[in-house]
Novice: 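If you scroll down you'll find the structure; I have some questions about it.
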Amino acid sequence: MSNLFTPALLHWHHTENRREMPWKGEKDPYKIWLSEVILQQTRVEQGMAYYERFIQNYPTLQSLAAAPDQAVFKLWEGLGYYSRCRNLLATARYLVAHNHGSFPRNYSELLLLKGIGPYTAAAIASFAFNEPHAVVDGNVFRVLSRYLGMDTPIDSTAGKKLFTEQAQLMLDKKAPGIYNQAIMDFGATVCKPATPLCTQCVLQSSCKAFATGMVNQLPVKEKTLTRRLRWFTYFILECKGKVFVHQRRGRDIWQDLFEFYLVESEKMEPWSDAAIHTWLEQQLGATKATIVYRSELFTQALTHQQIGGRFIHIQLAQIPPSLRKNQWVSPVERARLAFPKFITQYLKEKS
Ligand code: SF4
């Protein structure tokens, strides 16, 4: 069955695939890497704008390596998964310092770089260097599991191994870049997650899931995600036109990003006016304060956590002694800092 798959897929790619993307056909490993890292956490439509901005600001690996951390974080703002942004910078700087500013030309050496896993290594190796490595991402899992009727969970160790082997078997070894592009586009536009276009599909006559009525049951996943719930109350402390900001450190979410004064709790706190004034006095020693605004509830779902919370804007007559050594910024300075999406969604709504 598998030998019908590759020619039919490639035929579809050459005759029917109309998917346009700015990095399509790209041979520059830097641009391929950038697009793949950006696309790992976002929809293509949103990712395109980020990609264009990155290329405009940092057209080469060298320019990215030389960029200040905060400027790159700012450009990344809204994409989430900041560890990927940090890895991007670390790898750019490593390659400039230790590999003459260029990417290694093969899959196994690419895999050794920070933040580059099997998927990205296969994409760079096949698109830029024509190395025969099949990409295995969500699209590929879905297309193969349906076409071959494979119900091994795609998130199990056995599943990952099995699907990677199958993907490699299906690969057109002479044109791996074209094949990889074709299967990703096919998964994104034809064999889609919820509404696959089976009636127009060129693989339909040999598709196992279609023949057995299993299209909507495949692919199978083993784990259903449980998310930890966290409640954040952000106090926007303002004094003489400047607001308190703090850079997050440590191994928690949003590392290195900026935030306002955070009070985290296990459940949602009601924060009555009296409770806010007591807290300001007892916690910060602020006696002269006005509550300017209390926001509605905001939420954000991260991979393993669900964040809920609100923003409370406080006008202070003086900076409390306990916060004098902290950073207070003007609106212009604040606009240059990178904040997590949870905060930028609030700032956007207020602007
Ligand atoms: Fe996917 Fe349907 Fe085509 Fe099978 S027939 S490969 S399920 S789109």
Side-chain angles (χ1 to χ4, degrees), residues 69-70 73-74 76-86 227-351:
D69 288 8
Q70 272 306 316
F73 287 153
K74 186 68 194 165
W76 190 267
E77 195 177 74
L79 274 175
Y81 298 99
Y82 278 82
S83 58
R84 291 186 185 158
C85 183
R86 275 190 293 278
R227 290 202 174 101
R228 176 157 80 103
L229 201 61
R230 298 173 78 174
W231 290 101
F232 287 4
T233 302
Y234 274 119
F235 284 96
I236 303 176
L237 304 174
E238 183 176 353
C239 185
K240 302 186 177 90
K242 294 195 165 195
V243 292
F244 170 98
V245 290
H246 164 256
Q247 192 171 22
R248 288 179 70 90
R249 299 288 188 199
R251 296 189 56 80
D252 198 358
I253 52 168
W254 306 335
Q255 200 186 345
D256 293 336
L257 299 188
F258 283 82
E259 63 183 355
F260 301 116
Y261 196 106
L262 172 65
V263 176
E264 184 173 351
S265 48
E266 287 189 353
K267 55 182 176 49
M268 189 168 69
E269 296 289 338
W271 288 111
S272 64
D273 284 8
I276 292 171
H277 282 295
T278 308
W279 177 81
L280 285 168
E281 206 177 323
Q282 291 180 350
Q283 194 76 37
L284 306 180
T287 44
K288 285 191 193 145
T290 314
I291 303 167
V292 181
Y293 177 78
R294 193 190 272 101
S295 80
E296 292 304 307
L297 189 68
F298 280 79
T299 59
Q300 188 186 353
L302 304 172
T303 314
H304 299 286
Q305 301 183 22
Q306 173 76 33
I307 313 292
R310 63 179 84 241
F311 296 81
I312 300 175
H313 188 166
I314 304 287
Q315 188 73 49
L316 296 168
Q318 285 173 345
I319 292 181
S322 59
L323 298 181
R324 286 210 180 120
K325 292 206 174 101
N326 293 82
Q327 206 175 341
W328 293 74
V329 294
S330 67
V332 174
E333 290 164 330
R334 196 199 74 200
R336 281 200 286 266
L337 304 176
F339 289 86
K341 190 174 164 202
F342 189 81
I343 295 179
T344 56
Q345 60 181 353
Y346 163 78
L347 291 173
K348 248 185 226 144
E349 202 177 291
K350 285 297 288 173
S351 66

Novice: Which heavy atom of E296 sits nearest a heavy atom of R310, and at what distance?
Specialist: O-CB, 3.6 Å
Novice: Look at atom NZ of K74 and say whether more than 12 heavy atoms of other residues, nucleotides or ligands are closer to it than 6.0 Å.
Specialist: yes
Novice: Is the closest side-chain heavy-atom distance between L257 and E77 below 4.5 Å?
Specialist: no
Novice: Ignoring hydrogens and angles, tell me if any N or O in the side chain of T290 forms a donor-acceptor pair with the backbone of V292 under 3.5 Å.
Specialist: no
Novice: Strictly below 4.0 Å, N to O, side chains only: are D256 and R248 in salt-bridge contact?
Specialist: no
Novice: Under the side-chain contact (heavy atoms from CB on, under 4.5 Å) test against L237, which residue among N326, I319, L284, V245 passes?
Specialist: L284
Novice: Rounded to the nearest 0.5 Å, what separation is found between the CD atom of E264 and the CH2 atom of W231?
Specialist: 11.5 Å
Novice: According to the interplanar angle, ranging from 0 to 90°, do the rings of Y234 and F260 count as parallel (below 30°), tilted (30 to 60°) or perpendicular (above 60°)?
Specialist: perpendicular
Novice: For the residue pair F311 and Y346, does the interplanar ring angle fall in the parallel (under 30°), tilted (30 to 60°) or perpendicular (over 60°) class?
Specialist: parallel
Novice: Using the side chain to side chain contact (heavy atoms under 4.5 Å, CB included) rule, take R334 and L347 through it: C-alpha gap first, then chi angles, then the decisive distance, then the call.
Specialist: CA-CA 11 Å; R334 196 199 74 200; L347 291 173; 3.9 Å; yes
Novice: Would you say E333 has more than 12 foreign heavy atoms packed within less than 6.0 Å of its CD?
Specialist: yes
Novice: Counting only heavy atoms not in Q306, do more than 12 fall under 6.0 Å of its CD?
Specialist: yes
